[in-house]
Amino acid sequence: METFLESNLKLVNEAAKLLGLSDISYILKPKRIIEVNFPARMDDGKIKYFKGYRVNYNDSRGPAKGGVRFHPNVSVDEVSALALGMALKTSLLKLPFGGGKGGVVVNPKDHSALELERISRGYVRALAFEFDPDIDVPAPDVYTSSREMSWILDELETIKSRHMPAVITGKPLELSGSLGRNYSTAMGGFYILQEYIKNKGMKPEETTIAVQGAGNVGGFLAKIAYDHGYKVVAISDSSGGVYDSKGLNIEDVLNKKLSTGHVEGGKKITNEELLQLDVDVLAPSALENQITKENVSDIRARLILEMANGPVTEEASSILYERGIDSLPDILCNAGGVVVSYFEWVQNRTGEIWSEEEISEKLKKSMTDAFKDVEQIKQDKGTSYKNAAYALALKRIYEAEKMRGNAN
Ligand code: GLU
């Protein structure tokens with residue numbers, strides 16, 4: 001199977017072909033890769049070492065921007081692929097940022113909250129030279145949330161002896177976070193879905209959705225879609241899912257998840273079965289490499305809404321395209337998170353506080369404008385949504401590099 005990084009680079013190469021760009025050296029390799037090995041004291045009093053990364057893939061359009069992931073499978077290749085994705089995402093959404101990503105090789109489920117606090121602080125102590133509102137701005141990602149962002153902010157501000165709220169986004173409201181940030185990724189994806197079904201003449205109440213993942217992205221997406229009358233027939237977490245052809249009561253399912261740790265409330269299915277459901281919309285909202293060359297022939301959904309980063313490999317994407325299944329790419333569908341991160345960064349730098357309505361309106365406009373831009377290129381070039389989105393994103397990075405004198 002092609003790796004996540006290989007898959008992303010293949011998409012970039014296809015985008016270059018579409019644009020007629022022969023030399024894309026400026027984007028083929030990350031600008032900066034930092035690996036750190038740092039200590040953190042465990043609850044038993046012993047010191048343990050953890051491996052962490054921060055990759056700045058491209059910052060021609062602004063400071064590197066992107067989350068920090070805590071996961072046992074974190075690797076330099078994965079973080080690089082995600083950082084490249086961020087560079088493309090910020091470009092597609094016209095945000096004045098580049099693309100970065102960080103990660104720590106750790107399974108958060110094996111650690112207490114106190115240990116996770118020491119791991120978060122250890123990570124940022126090792127990388128304090130990198131993080132700055134004008135250089136590299138972290139945020140939450142898989143298995144990190146506003147809690148970890150608070151610890152990272154506090155540690156950085158202690159090291160630098162000053163307040164610098166714009167150094168990190170996804171903070172809680174009490175520490176200058178932005179209204180709407182916690183559900184912004186899901187909300188952004190929902191706005192894209194609304195545009196898509198409007199164009200197709202579909203109705204929410206007749207549209208069935210299966211959501212893989214019940215975390216910050218999948219959970220909120222299922223809830224928002226359910227609240228807007230969509231028929232959410234399946235949802236899963238890392239241990240499996242639930243299905244009801246008549247539509248699940250998502251509120252109950254998510255409440256059960258809160259009290260028991262697992263989704264409950266319908267027929268039990270595996271994550272693999274969820275991907276194969278005959279639904280209008282399949283929203284993989286957890287991890288990368290879920291739909292690959294190996295299982296793509298089992299996909300029966302009409303539309304894939306890529307809410308996770310990299311859930312469909314490049315090989316699987318072209319097969320879906322040939323089969324007439326639309327796949328709306330991650331750099332578009334899940335960009336709502338970084339869009340509201342940008343709003344948070346702007347508010348922190350200006351001292352302004354925007355209302356939730358203002359943020360929702362601005363987010364909706366950013367997402368629908370980007371969807372329309374991508375739709376236009378898709379039609380002009382006669383290509384897939386994914387190739388169109390990558391081409392548009394690459395074009396803006398190319399232009400920035402060219403103006404800086406860094407590209408042919
Ligand atoms: N981790 C999120 C993403 O993959 C958000 C990044 C950010 O807000 O900087 O887009």
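Scope of the values below: all heavy atoms of this structure, side chains included, with no hydrogens, waters or symmetry mates. Each ligand, and each atom within it, is numbered from 1 in the order the structure gives.
Y342 meets the ring-ring contact (aromatic ring centres under 6.0 Å, His included) test with F97; sequence neighbours excluded.
Judged purely by atom type and a 3.5 angstrom limit, K48 has no side-chain atom pairing as donor or acceptor with the backbone of A40.
The shortest heavy-atom contact between N8 and G85 is ND2-N, 4.1 Å.
Within the 4.5 Å cutoff, the side chain of K171 has no heavy atoms near those of the S150 side chain.
Among residue pairs with one or both ends in residues 381-396, those qualifying as salt bridge (charged side-chain N to carboxylate O under 4.0 Å, His left out) are E306-K386, D373-R396, K395-E399; sequence neighbours excluded.
Contact shell of ligand 1 (protein heavy atoms, cutoff 4.0 Å): K65, G66, G67, M86, K89, K101, A139, P140, D141, R181, N309, G337, V338, S341.
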Considering only distance and modelled atom types, tabulate donor-acceptor pairs under 3.5 Å from the side chains of residues 16-24, sequence neighbours left out.
unit_1 : atom_1 : unit_2 : atom_2 : d
D23    : OD1    : S25    : N      : 3.0
D23    : OD1    : S25    : OG     : 2.3
D23    : OD2    : N408   : ND2    : 2.6

